[in-house]
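Only a predicted model underlies this, so the values are computations on that prediction, with no experimental measurement involved. Indexing begins at 1, ligand by ligand and atom by atom, following the structure's order. Starting from 1, each residue takes its place in the sequence as its number.
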Amino acid sequence: MTDAIGYELDGDIAILKAQNPPVNALGHAVRVGLVNGLERAERDGAKAVLIYGDGSTYFAGADIREFGQAPREPGLPEVCDRIEASPLLVVSAMHGTALGGGLELALSTHYRIAVPSAKVGLPEVLLGILPGAGGTQRLPRVAGVEAALDLITTGRHVRADEAMKLGIIDRIEAGEPREIGMAYVRDLLDANAPRRPVSEMPSPEPVDFDAVYDAVLKKGRGQISPATAVRAVQAATELPFEQGIARERELFMELMNTDQRLGLIHAFFSERAVGKLPELKGVETRPLNAIGVIGGGTMGAGIATAALLSGLSVTMLEMSPEAAEAAKGRISGNLQGALKRGKINREKFETLTEKALSLATDYAALKDADLVIEAVFEEMEVKKKVFTQLDAVCKPGAVLATNTSYLDVNEIAAVTSRPADVIGLHFFSPAHVMKLLEIVVADKTSPDVVATGFALGKRLRKISVRAGVCDGFIGNRILSTYRTCADHMILDGASPYQIDAALEAFGFAMGPFAVADLAGLDIGYAVRKRKRAEGLDPRARDSSYADKLCEDGHFGQKTGKGYYDYGAGPKARVPNPDVLPLIAAERAAQGITPREFSDEEIVRRYMASMVNEAAKVVGEGIARRPLDVDMTLLFGYGFPRYRGGPLKWADLEGLSDLLADIRSWAEEDPYFWQPAPLLEELVAEGRNFDDLNKEAAS
Ligand code: CAA
């Protein structure tokens with residue numbers, strides 16, 4: 001036996017209790033313990049075996065930390081086969097989350113009972129693999145092909161009641177897993193219930209697998225694991241069980257050897273690591289019950305919506321009663337969406353809009369707020385006025401936050417008498433939907449204010465990333481660089497449409513020009529004007545064709561035209577015929593002869609510019625670790641999750657090749673392509689970004 005599985009004999013019933021916190025992952029010791037426990041039960045003359053998990057859950061899957069290491073016997077497929085083949089009646093009692101290998105193990109037992117709150121699922125595709133312990137062969141036999149394809153290709157978690165309808169669970173009972181499990185086993189023994197191996201059930205009926213494969217591949221935007229899983233399920237309908245298992249293994253091993261698997265697992269661990277900062281360990285947070293939001297435009301209303309949904313009470317401050325009512329209308333519209341999606345009920349909707357939200361036009365209304373976030377116009381003088389007023393009315397200890405996306409938080413903090421209480425909380429629009437929150441720590445921000453920012457992020461279910469102060473912080477600073485790179489490629493001969501298409505094929509949700517249209521071209525226009533007013537470096541390349549679009553009133557989707565024409569609706573993207581002539585005129589004015597770009601070169605340059613700037617951001621300490629950059633891009637900028645983030649992508653591509661490219665492009669444009677010192681250092685030392693992540697964790 002191992003400690004990971006407890007063994008007990010209660011009359012005729014052997015009890016195997018998983019005790020491998022926090023999630024009873026099926027690591028080596030657990031697998032050994034299960035096989036030993038089963039053998040012992042058989043030797044002890046038990047008639048049945050009950051398997052359940054101690055703590056918060058049944059098995060939540062294979063131990064992901066073991067992936068990529070040398071395999072250790074017994075593997076999970078053998079454990080599952082061994083359980084299913086046992087002459088004893090084997091029963092699972094499930095609570096918490098029976099996921100991945102956990103559900104596969106449950107499907108290898110002969111009967112399954114669960115508590116009502118239990119959830120089951122096969123989320124392997126979200127880690128870049130497919131169920132590799134018989135899940136693609138057993139689930140379709142139990143639940144049918146359609147349901148199996150749905151669960152396996154989306155990885156979604158299914159509640160116990162739905163799982164019971166699908167035949168995955170035989171009985172639902174409230175109570176402790178051990179008690180309900182024992183009662184169920186006794187009932188089964190009393191009824192002389194037979195062993196019920198799923199592998200002996202008839203093959204499921206096939207569907208049009210080629211059509212499903214194509215649809216799933218398209219939906220995955222280049223992610224291959226869901227589509228590959230379709231082929232594994234197909235095998236369940238075409239091959240006898242043993243051969244189906246062999247096919248599943250073959251496809252599983254193919255996926256294990258992909259960069260996508262590495263990218264997705266990096267994303268899994270990084271999104272958990274990103275909020276864990278050593279300097280915040282043990283730091284008490286400040287109270288967080290009532291918050292104030294200043295400015296009820298799209299951003300402020302989104303922040304207020306997220307706060308209300310998390311149970312905070314919100315005071316919305318606007319300039320006039322009319323503007324306050326308009327803000328309430330926006331918030332209420334957002335909450336209607338939550339109501340429609342079943343996230344809240346009508347009663348909750350009314351409580352949130354009528355009781356938890358209050359409107360104000362006088363700063364005095366913020367005097368009791370624990371935390372105030374301003375989301376007013378992005379101009380330093382406006383922000384300074386707001387913070388001067390907040391300093392005058394807010395109670396001592398209140399956290400004063402700015403939602404600025406570019407401006408200097410130190411300068412804003414300096415207008416108050418309490419810079420230690422000032423922080424940047426940079427939300428992404430729409431703030432009640434987008435997962436990213438940049439927590440911008442200024443020079444004087446006190447640690448408990450930072451901890452409170454992270455506590456707020458957790459409460460709002462955001463992925464919170466710590467950032468230092470610089471123009472654009474982590475995300476917008478890097479965005480500004482890769483956008484500039486795209487603009488340079490346009491000047492030199494690429495079209496916005498080719499660039500968008502190449503990057504969407506790389507996996508981005510949207511290319512940079514489609515994104516610009518969505519965000520509003522006026523934003524970039526304002527930034528360009530500000531930077532020109534501050535004085536551009538004479539070595540920087542500039543262009544004005546996009547300014548002309550704005551001067552003609554074309555700001556993207558909101559005006560119906562930008563890089564694209566949205567006459568037929570926001571999704572029907574048709575190139576705006578005015579754009580290419582404007583670009584041609586700009587090239588002519590700058591004396592540039594356009595050249596061809598391949599899609600590969602577009603992606604390579606765009607990604608290299610992103611990685612180079614990201615390395616500067618990490619090197620300067622604006623981001624603490626490479627993984628902070630990766631999570632920023634993943635959760636705020638539509639970066640394909642299956643590539644892990646720009647710095648994970650860079651590691652997988654090879655840093656020295658990337659640096660060589662950057663150096664060769666620096667010969668044509670030394671100002672833009674200045675290699676990041678950190679990148680040069682890593683290449684010189686033969687290390688990579690992941691080494692830095694590991695050092696930070698140790
Ligand atoms: N292996 C190793 N560690 C795991 C793990 C796993 N399968 N699942 C969770 N953990 C770790 C997390 O990394 C985290 O560690 P830290 O505290 O050090 O950060 C800890 O367990 C707690 O996890 P969460 O913070 O996510 O806790 P939660 O309560 O919010 O969520 C959960 C729990 C729903 C189980 C969630 O962790 C989860 O979804 N885990 C992944 C489940 C999964 O994908 N299983 C399939 C694995 S692949 C497989 O099984 C394939 C196969 O057939 C071979």
### Message
Within the structure provided, determine whether L309 and L335 are in side-chain contact (heavy-atom separation under 4.5 Å).
### Response
yes
## Note on the structure
For P22, the atoms of ligand 1 under 4.0 Å from one of its heavy atoms are 20 (C), 21 (O)
### Message
Checking contacts now, so for atom 15 (O) of ligand 1, which I'm interested in, is there any protein heavy atom under 4.0 Å?
### Response
no
### Query
Do other residues, nucleotides or ligands put more than 12 heavy atoms under 6.0 Å from the CD atom of E146?
no
#### Entry: G61: numbered ligand 1 atoms lying under 4.0 Å from its heavy atoms
45 (N), 50 (O)
#### Entry: Closer than 4.0 Å: a protein non-hydrogen atom to atom 27 (O) of ligand 1
no
### Task
Measure centre to centre between the rings of Y637 and F639, then say whether the value is under 6.0 Å.
no
### Region of L26 that comes within reach of ligand 1 [heavy atoms, distance under 4.0 Å]
neither
### Query
From atom 30 (O) of ligand 1, is the closest protein heavy-atom distance below 4.0 Å?
no
### Message
Are any of the N/O atoms on A62, whether in the backbone or the side chain, positioned under 3.5 angstrom from an N/O atom of ligand 1?
### Response
yes
### Summary
Nearest non-hydrogen contact to atom 34 (C) of ligand 1 from the set L99, V23, L264 belongs to L99
### Task
Give yes or no for whether the N/O distance cutoff of 3.5 Å, strictly under, is met between G102 and ligand 1.
no
### Task
Please could you name the atoms of ligand 1 that L127 approaches to less than 4.0 Å, counting only its heavy atoms?
44 (O), 47 (C), 48 (S)
### Message
With salt bridge (Lys or Arg N to Asp or Glu O under 4.0 Å) as the criterion, how do K435 and E271 come out once you've worked through the C-alpha distance, each side chain's angles and the decisive distance to 0.1 Å?
### Response
CA-CA 11 Å; K435 292 284 278 180; E271 71 183 289; over 6 Å; no
### Summary
Candidates G27, A60, G100; heavy atom nearest atom 43 (C) of ligand 1 found on A60
### Contact atoms of ligand 1, heavy-atom distance to E104 under 4.0 Å
52 (C), 53 (O)
### Message
Would P131 count as being in polar contact with ligand 1, using the rule that some N or O on each side must be under 3.5 angstrom apart?
### Response
no
#### Entry: Test item: E438 side-chain N/O and F473 main-chain N/O as donor-acceptor pair under 3.5 Å
no
### Query
Is a donor on one side and an acceptor on the other found under 3.5 Å between the side chain of R112 and the backbone of A106?
yes
#### Entry: Closest to atom 38 (C) of ligand 1 (judged by heavy-atom distance), picking from R272, K119, H157, K276
R272
